[in-house]
Visitor: 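Please read through the structure below; I'll follow up with questions.
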Amino acid sequence: MPLAMLNRHGLVAGATGTGKTKTLQLIAEQLSAQGVPVFLADMKGDLSGIAAPGHPDGRVEGRAADVHQRWTATGFPAEYYALGGVGCGIPVRATRSPFGTARRSGRRRR
Ligand SMILES: Nc1ncnc2c1ncn2[C@@H]1O[C@H](COP(=O)(O)OP(=O)(O)OP(=O)(O)O)[C@@H](O)[C@H]1O
Ligand SMILES: [Mg+2]
C-alpha cells in the first residue's frame, strides 16, 4: 500500500478471527518502520506487544516460507498512555466510556 494513501479513511471488517487485528498490526508496524508515528486505541490489549520482538517458532517461519517472505522478529518503539490514569503509561484525563459505543446526540435531520 503506498504511504501516500494512508492518510485516508479505511475500514477493516470481517467475522471474528479473520485477521482484522493482525492487519492493523501489520499496517502499524510498516508505518513505524518508515518513521511514521501511529496512534492505536488498544481497548482489548491486542496491540501492546508491538513493542517487543516476537519469539520465532516453527509455525511463523513455516507461514513466512509458504508466502515466500523472510521474517525477522522485530519490536517497534512504543509509548503507552493510560486512560484515566489506570494501569501503566502516561495518564490521560479521559474515561473509557467515550471510546465505546456512543449514543447519537444533537440535531435531527429533516
Ligand atoms: N494473514 C494471516 N496469515 C495467517 N494467519 C493469520 C493471518 N492474519 C491473522 N492470522 C491469524 O488468525 C488468528 C486471528 O487473527 P486476528 O486476531 O487478527 O483476528 P480478528 O479478526 O482481529 O479476531 P477478533 O474478531 O476475535 O478480534 C490469529 O491467530 C492470527 O495469527
Ligand atoms: Mg481482533
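Order of listing sets the numbers, starting from 1, for every ligand and every atom in it.
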Visitor: Please report the interatomic distance CD1(Ile50) to CD(Glu29), rounded to the nearest 0.5 Å.
Guide: 4.5 Å
Visitor: Under 4.0 Å, counting heavy atoms only: does Gly17 come that close to any atom of ligand 1?
Guide: yes
Visitor: Quick check for you: to the nearest 0.5 Å, what is the distance between Asp46 atom CG and Lys20 atom NZ?
Guide: 10.0 Å
Visitor: Nearest heavy-atom pair of Leu47 and Thr21: which atoms, and what distance?
Guide: CD2-CG2, 3.9 Å
Visitor: Within Thr16, is some N, O or S atom less than 2.8 Å away from the Mg ion (ligand 2)?
Guide: no
Visitor: Relative to the heavy atoms of Gly19, which atoms of ligand 1 are at a distance of less than 4.0 Å?
Guide: 8 (N), 9 (C), 15 (O), 16 (P), 18 (O), 19 (O), 20 (P), 21 (O)
Visitor: Which residue supplies the protein heavy atom nearest to atom 20 (P) of ligand 1, what is that atom called, and how far is it?
Guide: Lys20 N, 3.5 Å
Visitor: Does an N or O anywhere in Thr16 fall below 3.5 Å from an N or O of ligand 1?
Guide: yes
Visitor: Working to the nearest 0.5 Å, report the span between CZ of Phe76 and CG of Leu31.
Guide: 10.5 Å
Visitor: Within this structure, what is the OH-CG distance for the pair Tyr80 and Leu40, rounded to the nearest 0.5 Å?
Guide: 10.0 Å
Visitor: Measure from the side-chain N and O atoms of Lys22 to the backbone N and O of Gly17, and report whether any donor-acceptor pair falls under 3.5 Å.
Guide: no
Visitor: How far is atom 10 (N) of ligand 1 from the closest protein heavy atom, and which atom is that?
Guide: Lys22 CG, 4.5 Å
Visitor: Hydrophobic cluster membership, with links at side-chain heavy-atom distances under 4.5 Å among I/L/V/M/F/W/Y: are Val36 and Leu24 in one?
Guide: no
Visitor: Hey, is atom 14 (C) of ligand 1 touched by any protein heavy atom at less than 4.0 Å?
Guide: yes
Visitor: Looking at atom 23 (O) of ligand 1, tell me if a protein heavy atom falls under 4.0 Å from it.
Guide: yes
Visitor: Nearest heavy-atom pair of Pro56 and Glu61: which atoms, and what distance?
Guide: CB-OE2, 3.4 Å
Visitor: Near Thr18, which atoms of ligand 1 are under 4.0 Å from a heavy atom of that residue?
Guide: 19 (O), 21 (O)
Visitor: Which atoms from ligand 1 have a heavy atom of Lys44 less than 4.0 Å away?
Guide: 27 (O)
Visitor: Quick test: of every protein heavy atom, which one is nearest to atom 4 (C) of ligand 1, and how far off is it to 0.1 Å?
Guide: Arg63 NE, 3.4 Å
Visitor: In terms of residue, atom name and distance, what is the protein heavy atom nearest to atom 17 (O) of ligand 1?
Guide: Thr21 CB, 4.1 Å
